[in-house]
Undergrad: 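Take this structure, written in structure tokens, and hold onto it; I'll ask about it next.
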Amino acid sequence: MALCLKQVFNKDKTFRPRKKFEPGTQRFELYKKAQASLKSGLDLKAVVQLPPGESINDWIAVHVVDFFNRINLIYGTMSEYCTEKSCPIMSGGLKYEYRWQDDSKYKKPTKLSAPQYMCMLMDWIEMLINNEDIFPTRIGVPFPKQFQQVCTKILTRLFRVFVHVYIHHFDSIINMGAEAHVNTCYKHFYYFIREFSLVDHRELEPLVRTTQ
């Protein structure tokens with residue numbers, strides 16, 4: 001799937017620079033193992049399962065970073081269709097509206113356009129995954145106690161990107177010939193978050209028909 005995504009989407013249009021794993025590290029080896037399984041054509045439900053003997057936090061960390069890269073690539077290519085005019089509210093149809101909140105600029109849930117929301121989201125995730133106190137890369141440095149809670153928040157917000165793209169920009173996906181690749185990326189993401197119960201089922205409701 002990784003090769004297909006790069007072929008279908010313009011890698012120069014990534015919304016943010018790709019986060020890379022340091023060669024020679026355990027995280028890099030796990031990433032290679034995950035990619036090999038993904039490319040082998042195995043059932044996606046099996047691909048996401050924790051390999052025997054591996055740390056669940058390392059496995060989650062690898063996938064959070066990889067999903068950030070993939071969704072960043074998908075949205076970056078589609079961002080020209082997602083504008084202040086076309087998407088004045090970050091939403092998933094008429095029923096779902098997503099407001100932005102963080103610990104600095106927006107301390108209360110704030111209504112933003114979809115492009116503004118995406119910018120805030122990608123900046124926020126990039127800050128977290130580059131924070132050694134949250135996503136440690138040095139050998140022997142433990143993950144913080146709240147690590148999985150942070151990942152739940154990241155993945156929940158990344159899921160909202162899929163919601164917006166599927167509901168508001170699916171015609172553009174089809175026109176780019178990217179439907180199969182986006183669907184595969186989404187299913188991989190969905191099976192992973194379900195395998196480890198990382199996103200509340202209520203958040204998944206907007207795309208329940210897509211997932212079936």
Side-chain angles (χ1 to χ4, degrees), residues 1-20 34-35 37-45 47-48 63-100 111-126 129 154-194 199 203-212:
M1 183 178 68
L3 289 175
C4 291
L5 278 171
K6 287 179 182 177
Q7 289 164 358
V8 172
F9 296 113
N10 182 352
K11 65 179 183 298
D12 294 327
K13 288 190 177 181
T14 52
F15 210 51
R16 292 292 181 276
R18 289 175 60 83
K19 170 73 174 178
K20 297 180 180 179
Q35 292 303 298
S37 297
L38 198 57
K39 293 173 185 176
S40 68
L42 292 175
D43 178 9
L44 287 173
K45 290 181 180 178
V47 166
V48 299
H63 281 80
V64 166
V65 173
D66 192 36
F67 287 135
F68 168 69
N69 285 336
R70 292 176 186 280
I71 295 169
N72 172 34
L73 178 59
I74 291 171
Y75 183 75
T77 299
M78 296 192 55
S79 59
E80 63 186 285
Y81 306 107
C82 184
T83 65
E84 299 284 336
K85 184 176 180 180
S86 69
C87 305
I89 298 172
M90 175 58 183
S91 62
L94 297 176
K95 190 175 179 181
Y96 302 96
E97 179 183 319
Y98 302 118
R99 299 190 177 190
W100 182 257
K111 183 181 294 189
L112 298 177
S113 68
Q116 287 177 308
Y117 187 101
M118 298 298 183
C119 280
M120 298 302 300
L121 175 59
M122 297 305 174
D123 282 346
W124 175 75
I125 295 176
E126 192 173 32
I129 62 179
I154 291 173
L155 293 167
T156 297
R157 289 179 170 182
L158 281 175
F159 181 80
R160 294 172 182 177
V161 180
F162 278 119
V163 173
H164 184 75
V165 167
Y166 268 110
I167 293 176
H168 295 278
H169 301 293
F170 198 65
D171 287 345
S172 298
I173 293 174
I174 293 173
N175 290 338
M176 287 190 290
E179 180 182 356
H181 307 297
V182 173
N183 286 343
T184 300
C185 186
Y186 170 68
K187 287 178 182 178
H188 183 205
F189 180 94
Y190 176 81
Y191 289 139
F192 182 81
I193 61 177
R194 296 298 289 164
V199 174
E203 285 280 345
L204 307 179
E205 289 176 3
L207 293 184
V208 66
R209 291 184 180 179
T210 303
T211 308
Q212 291 174 344

Undergrad: With a 4.5 Å limit on heavy-atom distance, are the side chains of Y166 and V182 in contact?
TA: yes

Undergrad: Considering only heavy atoms from C-beta outward, does the side chain of C82 approach that of H169 to under 4.5 Å?
TA: yes

Undergrad: Please name all residues satisfying salt bridge (charged side-chain N to carboxylate O under 4.0 Å, His left out) with R160, sequence neighbours left out, ordered by chain then number.
TA: E203

Undergrad: Where do V47 and Y191 land on the side chain to side chain contact (heavy atoms under 4.5 Å, CB included) test, with the steps shown first?
TA: CA-CA 9 Å; V47 166; Y191 289 139; over 6 Å; no

Undergrad: Below 4.5 Å, heavy atoms only, C-beta onward: do P206 and K95 meet side chain to side chain?
TA: no

Undergrad: Measure from the side-chain N and O atoms of H164 to the backbone N and O of S91, and report whether any donor-acceptor pair falls under 3.5 Å.
TA: yes

Undergrad: Might you work through the side chain to side chain contact (heavy atoms under 4.5 Å, CB included) test for V161 and I74, ending with a clear yes or no?
TA: CA-CA 10 Å; V161 180; I74 291 171; over 6 Å; no

Undergrad: Mind checking what makes side chain to side chain donor-acceptor pair (under 3.5 Å) contact with R194, not counting sequence neighbours?
TA: none

Undergrad: For Y81, check ring pair (Phe, Tyr, Trp, His ring centres under 6.0 Å) against everything at least two apart and list the hits.
TA: none

Undergrad: Determine whether the side chains of S86 and H168 contain a donor N or O and an acceptor N or O closer than 3.5 Å.
TA: no

Undergrad: How far does CD1 of I71 sit from CG of L121, to the nearest 0.5 angstrom?
TA: 9.0 Å

Undergrad: Could you work out, with side chain to side chain donor-acceptor pair (under 3.5 Å) as the rule, every residue matching E97, not counting sequence neighbours?
TA: R99

Undergrad: So V163 and Y98, do their side chains get closer than 4.5 Å, heavy atoms only?
TA: yes

Undergrad: Under the ring pair (Phe, Tyr, Trp, His ring centres under 6.0 Å) rule, collect the residues that match up with Y117, sequence neighbours excluded.
TA: W100

Undergrad: Side chains of F67 and I154, heavy atoms from C-beta outward: is any pair under 4.5 Å?
TA: no

Undergrad: Tell me, please, which residues at least two apart from W124 pass side chain to side chain donor-acceptor pair (under 3.5 Å).
TA: none

Undergrad: Show the atom names and distances, to 0.1 Å, of all donor-acceptor pairs under 3.5 Å that link a side chain in residues 171-179 to residues at least two apart or in another chain.
TA:
| from | atom 1 | to | atom 2 | distance (Å) |
| --- | --- | --- | --- | --- |
| N175 | ND2 | D171 | O | 3.2 |

Undergrad: Please report the closest heavy-atom contact between E80 and T77, naming both atoms and the distance.
TA: OE2-O, 3.8 Å

Undergrad: Start with the C-alpha distance between Q116 and M90, add both sets of side-chain angles, then the distance that settles side chain to side chain contact (heavy atoms under 4.5 Å, CB included), and finish with yes or no.
TA: CA-CA 8 Å; Q116 287 177 308; M90 175 58 183; over 6 Å; no

Undergrad: Looking at CG of D66 and CG of N72, how far apart are the two atoms once the value is rounded to the nearest 0.5 Å?
TA: 11.5 Å

Undergrad: Could you pull out all residues at least two apart from T156 that satisfy side chain to side chain donor-acceptor pair (under 3.5 Å)?
TA: none

Undergrad: Which value, rounded to the nearest 0.5 Å, describes the distance between R70 atom CZ and T184 atom OG1?
TA: 10.0 Å

Undergrad: Please name all residues satisfying ring pair (Phe, Tyr, Trp, His ring centres under 6.0 Å) with F162, sequence neighbours left out, ordered by chain then number.
TA: Y186, F189

Undergrad: Using a 4.5 Å cut-off on heavy atoms from C-beta on, say whether the side chain of Y96 contacts that of E205.
TA: yes

